[in-house]
Amino acid sequence: MHSDLADSISRLNSVATGSKKASLIIKDCRLLSVYTGETIPGTQVAISGDRIAYVGPDASHAAGPNTCIIDAKGRHVGPGLADPHIHIDQFVTPWEFAKKTLLCGVTSLFSDPIDMTGIAGYRGFCEFLNLCEGLPVRIFQTVPGGIPVDPKFSNSQSLSIRQQRSAARHRRVPGLGEVFSWTKVTSRDHTTMESLRNMLDADCIINGHTAGISEKKLNAYVSSGILSCHEPINFEQVIERLRLGMWVMIREGSIRRDLAEIIPEVISHRTYRDRLMFCSDGIDPLDLARYGHIDYCMRESVRLGLEPADAAAMASRNVFEYYRMDRDLGGIAPGKLADIVIFAESFTPDTVLVGGRIVVSERKITARPKKKTIPSWLKKTVRLGRFSARDFEARSKKLQVTANTIRLQTEIITQPGSAQLVTRDGLVPASPDSDVWKVASFDRINSTGKSTVGFLENFGAEIGAFASTWCFHEGDMIVIGSNDSDMAVAANHLVRNQGGLVVVKSGRIAASMPLQIAGIVSSRTFEQVSADFEGITTTLADSGCRFPRPHMIPLFLPFLALPSIRILSGGIIDVKRRRYVRPFN
């Protein structure tokens, strides 16, 4: 909890003039001024408590016997970095994520806990808010605005309009998360429009998701009060949205990396940068360790030709102006909260302050928050019984069948396919030699007993089964396999562990990543989860999987917001036609 500016003005005023002494002074800064676009050498910054009191050439008047002095030694100094759209309800707990992202100079996160909410509803949303409190990083939560994606098929939990109103009153909730089913907006779906009206009446920010939309429909979407998007993948899409008054978040994360495509065009077209931001949309442990976070966006943008102060503005100031928090955050100036990054070479964070408190020193975390207790109910969300091979059987009286398959085009995008399969004693097996796999989906949260078995093409790994309880925005368990018995082994492993990802070969566990919290978050350390995740990825890659990020396949197989064929516990779905598909013709 930070101090209110109104309660701090007398103290800050006194420190600025030297009547009182600063608690901390940073000297010899090469200041990245996000307000003028300048890089100003020889700057000094005086801090009192959690706020900045003085920025200028000489802060010696504010120095006292108890003032801590940090010598930046001529290095770049800028405001704490911010990710305006990220899903952190995955992989690791908020604290484990905070430890790593603070090392990247990121002091503020705008989280959209859509998966936690989809599994545990309003109770899960509130508990996730609690898990993010008291950490040495500022975590703001948006109310999930995209679930259910399609109530005709979805089995995810969601927030009622009343619960959305209640959530929006929380001091850490600035508004509504990505409204990614844009067709609900352009078709003026009653519930969606009521949600938008309520958020606008409460003066909340509404985040957007405009993949595949342009011209008239994009105008309709923007006119509904949705003023940001993180989906543009090229400059043409960026400029179209900017011209309509939108804010654009350039995505550089584990799902997509669009920065290298967009930044050179922004520079060459001399596009205004005041409505451009960087975001990750979510980042896995290996990418976070390999690349970094928003600091990587700064480094790459500067390497591509962007001025350092402009990169800092996109990484900080613009975010807080969008979220209307710029009185307190986003720059190094008198009155602002002292969220500050001192960079080493190549814009690698060395020292990080949050609210005037040093949380990273010489690239090592120094903050030590209190450990949070995870409620037992949140660790009991895989509500399924024991599986046998029979649960994965597909039956037909024909000697040969034409299966309507889900063909993987990428880890994310699917196409309708077909395959000729031969039955054995009335059962239709997978055909790994033809790269045709079984895929099954089970409702794991609602105790409905619903399940679906279908067929998947172009997976490619020589394994028995690959299963996951983590899938975007739905509460299903997905099992992919070459034989029914290994699929049962994989499913039983996840039930026993109450969630995770697992690879099975010849009846044995080849790799496992436990996700005990709601079936999507691990209670283990970042390092342990990173090792588990690498084990899953490497095992599948070494087994011949055709895709570099195989964990995304079960993540997206139930995802109703993308084309073309999806599977849920209720059936196989043609997304565009909004109808069920039979497993066999």
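Given the structure is predicted, the values throughout are model-derived calculations rather than measurements.
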A.B. asks: Write down the atom of P136, the atom of V359, and the distance for their closest heavy-atom approach.
C.D. replies: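 What the structure gives for the nearest pair is CB-CG1, 4.0 Å.
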A.B. asks: Could you tell me which residues satisfy side chain to side chain donor-acceptor pair (under 3.5 Å) with R299, sequence neighbours excluded, listed by chain and number?
C.D. replies: D295
A.B. asks: Are the side chain of E127 and the backbone of G124 linked by a donor-acceptor contact shorter than 3.5 Å?
C.D. replies: no
A.B. asks: Considering only NZ, NE, NH1 and NH2 on the basic side and carboxylate oxygens on the acidic side, decide whether E236 and R241 come within less than 4.0 Å.
C.D. replies: no
A.B. asks: Which word best sums up how the rings of H76 and F347 line up, parallel for under 30°, tilted for 30 to 60°, or perpendicular for over 60°?
C.D. replies: tilted
A.B. asks: Has the side chain of T67 got a donor or acceptor atom that lies under 3.5 Å from a matching backbone atom of S23?
C.D. replies: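 The answer is no, because no donor-acceptor pair under 3.5 Å joins these two groups.
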A.B. asks: In terms of side-chain heavy atoms, does T192 have a donor or acceptor partner in S195 at a distance below 3.5 Å?
C.D. replies: no
A.B. asks: Is any NZ, NE, NH1 or NH2 atom of the basic residue among R197 and E194 found under 4.0 Å from an Asp or Glu carboxylate oxygen of the other?
C.D. replies: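 Not counted as a salt bridge, because no side-chain N and carboxylate O are separated by less than 4.0 Å.
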A.B. asks: Before you tell me yes or no, could you show the steps for S154 and S156 under side chain to side chain donor-acceptor pair (under 3.5 Å), namely the whole-Å CA-CA distance, both residues' side-chain angles and the distance that decides it to 0.1 Å?
C.D. replies: CA-CA 6 Å; S154 178; S156 65; 3.1 Å; yes
A.B. asks: Evaluate the side chain to side chain contact (heavy atoms under 4.5 Å, CB included) criterion for residues L353 and D339: first the C-alpha distance (whole Å), next the side-chain angles of each, then the deciding distance (0.1 Å), finally the verdict.
C.D. replies: CA-CA 5 Å; L353 283 72; D339 291 9; over 6 Å; no
A.B. asks: Is there a donor-acceptor contact under 3.5 Å linking the side chains of Q141 and S111?
C.D. replies: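 Q141 vs S111: donor-acceptor pair found between side chains.
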A.B. asks: Ignoring hydrogens and angles, state whether a donor on the side chain of S48 or Y54 is under 3.5 Å from an acceptor on the partner side chain.
C.D. replies: no
A.B. asks: Are R317 and E321 within salt-bridge range, i.e. N to O under 4.0 Å?
C.D. replies: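 Yes, R317 and E321 are salt-bridged.
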A.B. asks: Do we see a donor-acceptor contact under 3.5 Å between the side chains of Q528 and T525?
C.D. replies: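 Per modelled atom types, Q528 and T525 side chains form a pair under 3.5 Å.
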A.B. asks: Are the side chain of K372 and the backbone of E133 linked by a donor-acceptor contact shorter than 3.5 Å?
C.D. replies: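 Checked: pair present.
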A.B. asks: Would you call the rings of F472 and W470 parallel, tilted or perpendicular, taking 30° and 60° as the class edges?
C.D. replies: perpendicular
A.B. asks: Start with the C-alpha distance between S8 and R11, add both sets of side-chain angles, then the distance that settles side chain to side chain donor-acceptor pair (under 3.5 Å), and finish with yes or no.
C.D. replies: CA-CA 5 Å; S8 306; R11 172 172 49 83; 3.2 Å; yes
A.B. asks: Test the R327-F320 pair against the cation-pi criterion, namely NZ or CZ under 6.0 angstrom from the six-membered ring centroid and within 45° of the ring axis.
C.D. replies: no
A.B. asks: Dump the intermediate steps for side chain to side chain donor-acceptor pair (under 3.5 Å) on T101 and H293, then the final yes or no.
C.D. replies: CA-CA 7 Å; T101 199; H293 194 176; 2.6 Å; yes
A.B. asks: Restricting to non-hydrogen atoms, name the atom on I267 and the atom on L304 that form the minimum distance, rounded to 0.1 Å.
C.D. replies: CD1-O, 3.6 Å
A.B. asks: If the test is salt bridge (charged side-chain N to carboxylate O under 4.0 Å, His left out), which one of K73, R30, R75, R363 qualifies with E345?
C.D. replies: R363
A.B. asks: Between E261 and R251, is there a salt bridge with N-O shorter than 4.0 Å?
C.D. replies: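 E261 and R251: not salt-bridged.
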A.B. asks: Looking at residues at least two apart in the chain, or sitting in another chain, which of them share a ring pair (Phe, Tyr, Trp, His ring centres under 6.0 Å) with H85?
C.D. replies: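 H87, H230.
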A.B. asks: Please assess Q157 against R123 for the test side chain to side chain contact (heavy atoms under 4.5 Å, CB included), listing each intermediate value before the final yes or no.
C.D. replies: CA-CA 10 Å; Q157 305 277 346; R123 191 182 184 191; over 6 Å; no
A.B. asks: Is a salt bridge present between K336 and D326, judged by a nitrogen-to-oxygen distance below 4.0 Å?
C.D. replies: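 Salt bridge: no.
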A.B. asks: Mind checking what makes side chain to side chain donor-acceptor pair (under 3.5 Å) contact with S254, not counting sequence neighbours?
C.D. replies: D284, D287
A.B. asks: Hey, do the aromatic rings of F91 and F533 have their centres closer than 6.0 Å?
C.D. replies: yes
A.B. asks: For a quick check under 3.5 Å, do Y323 and N318 share a side-chain donor-acceptor pair by atom type?
C.D. replies: no
A.B. asks: With a 3.5 Å distance limit and no angle check, can you tell me whether T381 reaches the backbone of L378 through a side-chain donor-acceptor pair?
C.D. replies: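 A pair under 3.5 Å: no.
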A.B. asks: Assess the residue pair E38 and S33 against the criterion (side chain to side chain donor-acceptor pair (under 3.5 Å)); give the C-alpha distance rounded to whole Å, side-chain angles, the decisive distance to 0.1 Å, and a yes or no.
C.D. replies: CA-CA 5 Å; E38 300 171 282; S33 175; 4.9 Å; no
A.B. asks: Show your reasoning for whether side chain to side chain contact (heavy atoms under 4.5 Å, CB included) applies to L32 and F343.
C.D. replies: CA-CA 11 Å; L32 297 172; F343 295 98; 4.2 Å; yes
A.B. asks: Do R257 and Y296 form a cation-pi contact, if we require the NZ or CZ to be under 6.0 Å from the six-membered ring centre and within 45 degrees of the ring's axis?
C.D. replies: yes
A.B. asks: Between S228 and Y322, do the side chains contain a donor N or O and an acceptor N or O under 3.5 Å apart?
C.D. replies: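 Y322 vs S228: donor-acceptor pair found between side chains.
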A.B. asks: In this structure, which one of L109, T107, L337 forms a side-chain contact (heavy atoms from CB on, under 4.5 Å) with R138?
C.D. replies: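 Checked L109, T107, L337 against R138; only one passes side-chain contact (heavy atoms from CB on, under 4.5 Å): L337.
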